[in-house]
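On a predicted model such as this, the values are computed, not experimentally measured, just so you know. Quick note: numbers below take in every heavy atom, side chains included, and nothing from hydrogens, waters or symmetry partners. Positions are given from 1 along the sequence.
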Amino acid sequence: FLSSSCLAPTAIALMEERGEKYKVEHIGDSARGTPAVTFFQQGDYIDMCVGPHLTYTKALKAFKLTGVSGAYWKADANNKMLTRIATAAFATKDELDAHLTMLEEAKKRDHRRIGREMDLFMMRDEAPGFPFFLPNGMILKNTLLDYWREIHHKAGYVEISTPQIMNSQLWKTSGHWDHYKDNMYSTMIDDEEYCIKPMNCPGGVLVYASKPHSYRELPIRAGEIGLVHRHELKGALHGLFRVRCFNQDDAHLFVTPEQLTDEIVGVVNLITSVYDKFGFTYHLELSTRPRTPSGLRRDWERAEAGLKTALERWLEYVVDEGDGAFYGPSIDFHLEDSLGRTWQCGTVQLDFQMPQNFDLEYVDADGTKKRPIMLHRVCFGSIERFIGILIEHFAGKFPVWLAPMQVKVLPVSEKSRDYAHEVTAKLEAAGIRVVCDDRDEKIGYKITARPAGVDRVPYMLILGEKEVEAGNISVRDRTNETVPMGVDEFIAKVREEIDTRA
């Protein structure tokens, strides 16, 4: 097996020799930006790819054609239609069946479909990649952010907000320009180039740099829920998972070398407590020095040692060699959802470079000026993406505290309508999100049809003449079990689930 690179003219000659006319044309198009082309060879098979490909096919016994589609070459209807074939292959039929079952379940849980059914968010052709959050979605989003603010306040964080548009020189100083400029939106203001921020870090640095600091003030933990914009290719957009604007729950910590390990442990504890709250399992990866890092090797070695020291105190982890950010190594959190799929969400990144680029300082106990170490970290990551993950993880059946609609009151007939309104008013007064469906419809329809059934409401209260006479309620939960209960007893039960975020 061989993976090797060659210059574009050599690559074109190789593909012409093999009759690969489309790859010849593709190399010609891409050679202007990428003069070197990489091939992977396995026996007589050569493909224009970094590789590796599957090198041993004999063990694959079970195959399933999962999709066939057509696409015009270069997305131009004047060109020929090409065929795209997708296939799954496994060592046993049982493994294949399990995979296909997972795909079917994932299709049912697709956050785009559930988002439409529950009126959480929408996408429009007028704004590809820019999600619209609807009233129910805003309840979910704000509930998550309220939780974020509460736990960060308890952990000693302060909240800041930085501008969305700052000049291009800032991004050149931070080092982001060389790595992200092609994914940044820019505009001219007063004959100067400005950029819509693709991340929050430089703004947080400017806040720190706005005044002198003493070692007594450190660590400084500054959190920001900042709206960022990144130009993603249209073909890569996918619901809330890949968008062009999103809220990132950043925090930037400025610490002394002596505080570093304890602060990393504190961040890891905070992030894992959040994932435990949602019932995720997860594993951690330490991403180390990439091939083309910024800064000195000794700084990278010191940074990686600091992260390893913190992790080895109490957590198992794997090392992902060479996958660190350009400015420093990181600890990445990979969540596993209810279907066994993994998602990279939280991260802790150690940064020696940006404090140096912006000449950040603090006055140490001996009166000398020292440079702080900067920690970047996110918990949810992209709020929008995290919501998409939660939708699919719970299949829209959110815990009570997160559910946009927590209780639906369903009077059986006109005779119980006034009582239903009384119960609704009591629930509202207790701070419970409740709606009374007093439409002149049969109770079976109200339970199963939109908006009660499809909205995946945690509790439905069915109120008929029997409940009116007894002054109680019949509570139906998601298991379809219906039990009689007093109104005050039910309110106490729901309030406990909300208050404890059960």
Side-chain angles (χ1 to χ4, degrees), residues 111-122 131-147 387 390-391 394-468 470-502:
H111 74 284
R112 295 167 297 180
R113 179 177 67 83
I114 294 175
R116 286 192 300 271
E117 292 174 351
M118 296 183 68
D119 289 330
L120 299 176
F121 69 93
M122 70 178 189
F132 293 71
F133 273 85
L134 304 175
N136 285 342
M138 284 305 299
I139 292 173
L140 173 59
K141 188 175 182 179
N142 286 331
T143 302
L144 283 173
L145 296 183
D146 289 344
Y147 171 56
I387 287 173
L390 288 178
I391 292 171
F394 291 115
K397 298 176 181 178
F398 298 110
V400 174
W401 69 278
L402 274 180
M405 189 184 303
Q406 294 163 330
V407 179
K408 176 149 291 214
V409 178
L410 307 176
V412 173
S413 66
E414 187 176 350
K415 295 179 180 179
S416 56
R417 191 171 294 171
D418 289 343
Y419 181 60
H421 289 156
E422 290 177 18
V423 171
T424 300
K426 283 187 176 182
L427 295 174
E428 287 178 337
I432 296 170
R433 295 190 286 271
V434 57
V435 170
C436 179
D437 184 355
D438 58 2
R439 294 177 296 173
D440 190 16
E441 299 284 356
K442 291 183 178 180
I443 190 65
Y445 175 81
K446 290 182 181 182
I447 291 173
T448 59
R450 187 186 179 103
V454 177
D455 275 1
R456 298 149 174 100
V457 180
Y459 295 109
M460 288 183 273
L461 307 186
I462 302 170
L463 307 181
E465 292 182 53
K466 181 177 67 174
E467 285 76 22
V468 173
N472 63 8
I473 54 179
S474 290
V475 181
R476 182 187 180 101
D477 62 19
R478 287 172 176 151
T479 67
N480 294 327
E481 182 182 2
T482 303
V483 296
M485 192 177 292
V487 177
D488 292 340
E489 179 188 0
F490 176 72
I491 288 175
K493 168 184 167 59
V494 175
R495 277 296 345 155
E496 182 179 7
E497 291 188 60
I498 294 170
D499 295 340
T500 62
R501 297 188 174 95

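The nearest pair of heavy atoms linking Y459 to E497 is OH-OE2, 2.6 Å. In terms of heavy atoms, P411 sits closest to D438 at CG-CA, 3.9 Å.
L120 has its side chain out of reach of I387: every pair of non-hydrogen atoms, C-beta onward, lies at least 4.5 Å apart. Using a 4.5 Å cut-off on side-chain heavy atoms (C-beta onward), F490 and V423 make no contact.
Expressed to the nearest 0.5 Å, how far NZ of K493 lies from CD1 of I432 amounts to 11.0 Å. Taking NZ of K446 as the reference point, atom CG of L410 lies at 6.5 Å (rounded to 0.5 Å). Distance check, rounded to the nearest 0.5 Å: CG of L427 to CD1 of I491 gives 5.0 Å.
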E422 and K426: CA distance, side-chain angles, deciding distance, salt bridge (Lys or Arg N to Asp or Glu O under 4.0 Å) verdict: CA-CA 6 Å; E422 290 177 18; K426 283 187 176 182; over 6 Å; no
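When the shell of 6.0 Å around CG of D440 is examined, it contains 12 or fewer heavy atoms from other residues, nucleotides or ligands. For E496, the CD atom sits in a loose shell: 12 or fewer heavy atoms of surrounding residues, nucleotides or ligands are nearer than 6.0 Å.
Paired with R476 under the rule side chain to side chain contact (heavy atoms under 4.5 Å, CB included), one option of E481, M460, K408 passes, and it is M460.
Ring orientation note: the planes of F133 and F121 are tilted relative to one another, at an angle of 30° to 60°.
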